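Just so it is clear, the model here is predicted, and its values are computed rather than measured. FYI, side chains are in, hydrogens and waters are out, and symmetry mates aren't considered; it's all heavy atoms of this structure.
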Amino acid sequence: MIAGDSVMVPLALICAFALHYAEPFPAILATWWLYPVAVGLTIPIFGRLGLYRAVVRFMGPRAVFAVLQGVTLMVLLFGAIAHFLAPATVPSTALVMFWGATVLYVGGSRFAVRSYLQRQHRRGERVAVYGAGGAGARLASALVGGQEFLPVAFVDDSVALHGSVINGIEVFNPADLPRLVNDLEITRVLLALPSVSRRRRMRIISQLEDLHVHIQTMPNFSDLISGNARVDEIRDVDVADLLGRDTVPPHEALLDACIRDKVIMVTGAGGSIGSELCRQIVRLGPKRLLLVEHSELALYDVNKELSATFERDGKDNDAVDVVPLLGSVENKERMTSIMTSFGVQTVYHAAAYKHVPMVEQNMLQGVHNNVFGTYHTALAAMECNVETFVLVSTDKAVCPTNVMGATKRLAEMVLQGLDDRGTSTRFCMVRFGNVLESSGSVVPLFREQIRRGGPVTVTHPEIIRYFMTIPEAAQLVIQAGSLGRGGDVFVLDMGKPVKIADLAKRMVHLMGLTVMSEDNPDGDIEIKYTGLRPAEKLYEELLIGNNVMGTKHPMIMRAEEQMLPWERVSRVLDELRVACRRFDCESARHTLMAAVNEYKPSSNVVDLVWQTQEVASSDGAITPIANVTPLSSNRTQ
């Protein structure tokens, strides 16, 4: 660059004099010493401004201002020197022309070299950018400077943009994409649509599925504004976009009612729903947030994430007092001491075992955690005069065929029974379906299987599920808690159910691959049907019966369902406690079936320890567990 400037600056001076005197070789050439003076001024000034430290291939708009600043300073000093050493030799008009020519030559030479170097380094995967607005232009500019992707075309729905050129890249009609994919060898389409609705995004994604190219997206607008993502941070398409449902704006009053300036406790704070509840709660201005979790690693992770959020947002960590606490919800004394010590006012009870086959194979632990964990935490809340207790429930609690669903339904009935017995604590339950990207969700499993080359495993070709995003579910849980009067069961509007097999196929297509089938034996990814797992249902309901009423929120409904009086619930808990202490899975299941009338197990007991003991007992290898006299229930009246 120094060598180039040593040529360009004298050339600019010659041109300025030639233009001023209207002569190709003006007599001023005789004053040869002016040329080394100009170069001698330029080099140190440009060096001071950092123009010789810049990497030419990545120079941007700042380099233009640096060139303008450097050239202006150089010309002013040059004019002053010429005025004192050779008066009238350099007219003022020539100085103006010298300034313009130097800017053109020095700046132009740099950007010409930058363009050449960028072309030499453009070796990335050829991509099309869908969206030629500001976000698309910034994305293309960021990609051009790298080596991973090479943007070769824009596509945009706006007819006014078709045929125009942005950053040297032509804008085409989306209808031209099939031809462009072949002609320009495009292997990936990047969606630069950070602010469009989910419904519109779903329509666009549906149109792109048949192109057999990898569909990815840049972050949404809210993530860009909050600083949680960069423009050039390319991601796989959010599976929530496939649902095509726009979220309903929250009711601020409902969000604030149980949160603002209150002491909040979240159990299961390290889980998928619990951690998202914590993320949203800290933004709503609580006085204190207690993170209760039995997993040390999960507690560490969520606490670290919340601390990083404060730092990223520039907030003082003292703005919300976040307190990480280890503890099991089965330990009533621990729950009571926490609530008493910190003066808890609202509890969001998200702690539960939720993975259907895992709970089925560890039946009594599921009863301990889901039923007695809820019961003991609720008792502690009543003793500590907690204002609101919200249970995060599931659609699997409706007409359950598995232990997980039955225990969650019984947990609901426990809270309804406690409310019926009389208490100052408002108990309510929020029931919803599967959440995308949660632990145990099919979405991350499918994505990993596709990346490994398949097969993608689906239990049944007709299995369907309701889906909701984790943030949407957590937001609605918070709002539903504010609507509770006591003993309420709220169900969330989950939209239309999704066939899991179709979801798997769409995810394969969006990653630029094809599904292997009888019609397409040369496809990339096989979808393998493995059969329903123990206690798994083809579809899940959200309601027991059809008795449902609306609420202030269009996506939250109040269900009117059968409940048991507290005396009956109390006897059920006693029977379950005895069965658990005897390690009697059969008795525990009969008790669950008697309490939850809709519970119809789809298989025999598959608890792994129970089965092992049964086999060993029949072989005479070990003696089955003897009858154990039940200990005192210690039930609080």
With a 4.5 Å cut-off on side-chain heavy atoms, are [Y] and [X] touching?
X	Y	answer
Glu330	Met335	no
Asn385	Ser424	yes
Met265	Met339	yes
Ile500	Phe446	yes
Glu296	Leu326	yes
Val344	Cys384	no
Val489	Arg558	no
Thr407	Tyr353	no

Mind checking the [atom1]-[atom2] spacing from [X] to [Y]? Nearest 0.5 Å is all I need.
X	Y	atom1	atom2	value
Thr374	Phe427	OG1	CZ	10.5 Å
Ile450	Asp524	CD1	CG	10.5 Å
His294	Asn331	NE2	CG	13.0 Å
Lys499	His460	NZ	NE2	10.0 Å
Lys528	Thr530	NZ	OG1	8.0 Å
Asp502	Ile527	CG	CD1	8.5 Å

Pair Val292-Val266, side chain to side chain contact (heavy atoms under 4.5 Å, CB included): steps then yes or no:
CA-CA 6 Å; Val292 177; Val266 177; over 6 Å; no
Work out which heavy atom in [X] is nearest to a heavy atom in [Y]; give both atom names and the distance.
X	Y	result
Ile259	Leu255	CG1-O, 3.3 Å
Lys396	Pro400	O-CB, 3.4 Å
Ala380	Thr336	CB-OG1, 3.4 Å
Gly271	Glu293	N-OE1, 3.9 Å
Arg409	Val596	CG-CG1, 3.6 Å
Ser587	Asp584	OG-OD2, 2.6 Å

Taking the six-membered ring for Trp, is the centroid-to-centroid distance between His349 and Phe389 below 6.0 Å?
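Yes, close enough.
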Examine distances only and state if a side-chain atom of [X] and a backbone atom of [Y] form a donor-acceptor pair shorter than 3.5 Å.
X	Y	result
Asn362	Gln365	no
Ser295	Ala298	yes
Asp607	Glu360	no
Thr591	Leu576	no
Thr514	Gly523	no
Asp488	Arg485	yes
Thr425	Val386	yes
Gln280	Glu276	no
Ser341	Ser337	yes

Should the ring pair Tyr375 and Trp566 be called parallel, tilted or perpendicular, given that the plane angle runs from 0 to 90° and is split at 30 and 60?
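Answer is tilted, since the angle falls between 30° and 60°.
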Would you check, one step at a time, whether the test side chain to side chain contact (heavy atoms under 4.5 Å, CB included) holds for Arg334 with Leu325?
CA-CA 10 Å; Arg334 175 63 171 166; Leu325 299 166; 4.1 Å; yes
Begin from the C-alpha positions of Gln345 and Thr388 and carry the test side chain to side chain donor-acceptor pair (under 3.5 Å) through to its verdict.
CA-CA 7 Å; Gln345 295 165 279; Thr388 306; over 6 Å; no
Would you check, one step at a time, whether the test side chain to side chain contact (heavy atoms under 4.5 Å, CB included) holds for Val403 with Tyr599?
CA-CA 9 Å; Val403 175; Tyr599 176 35; 3.8 Å; yes
Intermediate values then yes/no, salt bridge (charged side-chain N to carboxylate O under 4.0 Å, His left out), Arg571 and Asp574:
CA-CA 5 Å; Arg571 288 196 298 272; Asp574 285 341; over 6 Å; no
Just by distance, no angles: are the side chains of Gln416 and Glu412 close enough, under 3.5 Å, to form a donor-acceptor pair?
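No donor-acceptor contact under 3.5 Å links the two side chains.
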Could you walk me through whether Glu387 and Arg426 pass salt bridge (charged side-chain N to carboxylate O under 4.0 Å, His left out), step by step?
CA-CA 6 Å; Glu387 297 172 5; Arg426 288 188 305 119; over 6 Å; no
Does atom CD of Glu586 have more than 12 heavy-atom neighbours from other groups under 6.0 Å away?
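Check passes, neighbour count above 12.
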Return yes when atom OH of Tyr529 has more than 12 non-hydrogen atoms of other residues, nucleotides or ligands closer than 6.0 Å, and no otherwise.
yes
Using the rule given for side chain to side chain contact (heavy atoms under 4.5 Å, CB included), can you reason through Leu483 versus Ile556, listing the C-alpha separation, both sets of side-chain angles and the distance that settles it, and then say yes or no?
CA-CA 9 Å; Leu483 295 169; Ile556 302 174; 4.0 Å; yes
Salt-bridge test for Lys332 and Glu383: reply yes if a basic N is under 4.0 Å from a carboxylate O, no otherwise.
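Looking at Lys332 and Glu383, the cut-off is met.
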